[in-house]
Amino acid sequence: MNPFRPKPALPSLPGRVCLVTGGAAGIGLALTCALATAGAHVYVGDNSPSNLERASGDLAQVPGTASVTFAEVDVTDRAALEEWIAKVHAERGRIDVLVHNAAYIRWADVDEMSVEQAQLSMRTAYDALVCSVKAVLPLMRAGDGGQIVAMGSAAGRIFVKGPSAAYAAAKAAIEAYTEMLRIELAGSNIGVTLVRPATVVGTDFFNVHVPSARMPRIADLLPATSPEKVAAATVEAIRNGRATVDIPGYLPSLYRAYAMAPELTRKAAATGGSGRRDYATSRLTVASPTRSEPIRSSGTHQDSIIARILKKAGGNAHFVRVMSYVAPDIDRAAHRLSGGRMLLMPATLPSLMLTTTGRLSGQPRQTPLLCHLEADGSHLVVDTNFGRPPRPAWSHNLLATPQASVTRRGRTLPVTATLLEGTERAAAWDHLVEIWPAYVSFAQRSGRRLRIFRLTPA
């Protein structure tokens, strides 16, 4: 036997009996597959005969998924749901895991969605969870305990235009219910897990034909994940008894930012999340021996609710400290995976990827930065370093080698950097602070005079 050959992974949930509602498509099917390959006996309840047939055929081709049983179950029919749970328990003598994934989704505004559709959304996601929990709790208590897993969503925490009100309400209700259930079951042998994915691709959830304006705005902010990643994280949470799973893992930072600006959310609610601020007429005349022209925004800048939340949170030291460690790596990964088309901030605040030449190494160095796009196509950037005292390396690099490049929305341009001084710097600073007020707190915390560079296309 070769000791250096990696050993095959052992099943992490051997013999566990798992129920999965809505488990024949999208995230549910990925969960079904992941649980089965982890060694569990999986029972899937789904109300779509076509999904059940397709899922059965797909899993037949996947090794290690033989112990999956499909049943047509309408989770909004309490009697049918309880009968299915009782039948599984009678067959296996136990139920170890309940995963409630079922949901009814229709993207529509309140005046477009019928009362019946809104009620169906709540019955499928929330009411069915309550009925399922009531049915499995006594069975788990009588056995060796178990784990209850509810599929929530970032839409249940951050309320922005995009998801329907009924869907967001159902996910918010699931969150509240699981939190209270966890409190009530504390100290018992029954665990409760809430899974909150953000934007998920490759599922029936997002494959429904929806105009781009109807897609959740959270999708503009967050890199998409996949059903398989959600499923893998969920199985790991079941194995370890984790209380909450956020995918991507930095979502809690955004939740905190959202909570920091309640007055902004109220204003956005009053305007439908589309509050606009027009910078087209905002002009600052610059008096300079070498340059005399107005700095102005190109076109109209729309402040989304997330942008305003982040602007508010930018003055909070704790939030900034968290983002200073999280955001750059996320931005670099998103930039690399999207071929330079995406960063964390573009849907909220203008951003770019700056490539400089290392002043010591001579190697290219990439840094994601907030920026302000001027009317002539140049960009203004500030060496804030998130308000930390040391100057960022990219600032020193530009002084040593002003020739650099910027990538924004998939387009890379060579630029020449100019350090602004005097009245030109003062005018630019006033304009930057108007757009992004957190620059003031960054300057105060850093204890130094921030450098402002203009990056002009070469």
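For this chain, numbers begin at 1 and follow the sequence in order.
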Would you call [X] and [Y] a side-chain contact if the rule is heavy atoms closer than 4.5 Å?
X: L137; Y: I148; answer: yes
X: L455; Y: L398; answer: yes
X: L380; Y: L420; answer: yes
X: C371; Y: L373; answer: no

> Can you tell me if T357 and Q403 form a side-chain donor-acceptor pair at under 3.5 Å?
Replying inline: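 Checked: T357/Q403 side chains show no N/O donor-acceptor pair below 3.5 Å.
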> Any ring-ring contact (aromatic ring centres under 6.0 Å, His included) pairs touching residues 400-430, not counting sequence neighbours?
Replying inline: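 Pairs touching residues 400-430 that pass the test: none.
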Looking at [X] and [Y], would you say the former's side chain and the latter's main chain have a donor-acceptor pair under 3.5 Å?
X: N101; Y: G22; answer: yes
X: R16; Y: G39; answer: no
X: S188; Y: L185; answer: yes
X: S121; Y: A118; answer: no
X: N51; Y: A24; answer: no
X: T21; Y: A102; answer: yes

The single option from [options] passing side chain to side chain contact (heavy atoms under 4.5 Å, CB included) against [X]:
X: S164; options: R106, Q117, M113, E112; result: M113
X: L181; options: V133, V130, L194, I190; result: V133
X: T124; options: V75, L129, I105; result: V75

> Is the closest basic N to carboxylate O distance between R196 and E175 below 4.0 Å?
Replying inline: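 Yes, this pair counts.
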> Can you pull the salt bridge (charged side-chain N to carboxylate O under 4.0 Å, His left out) pairs that have at least one residue in residues 180-195, sequence neighbours excluded?
Replying inline: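 Residue pairs with at least one partner in residues 180-195: E179-R182.
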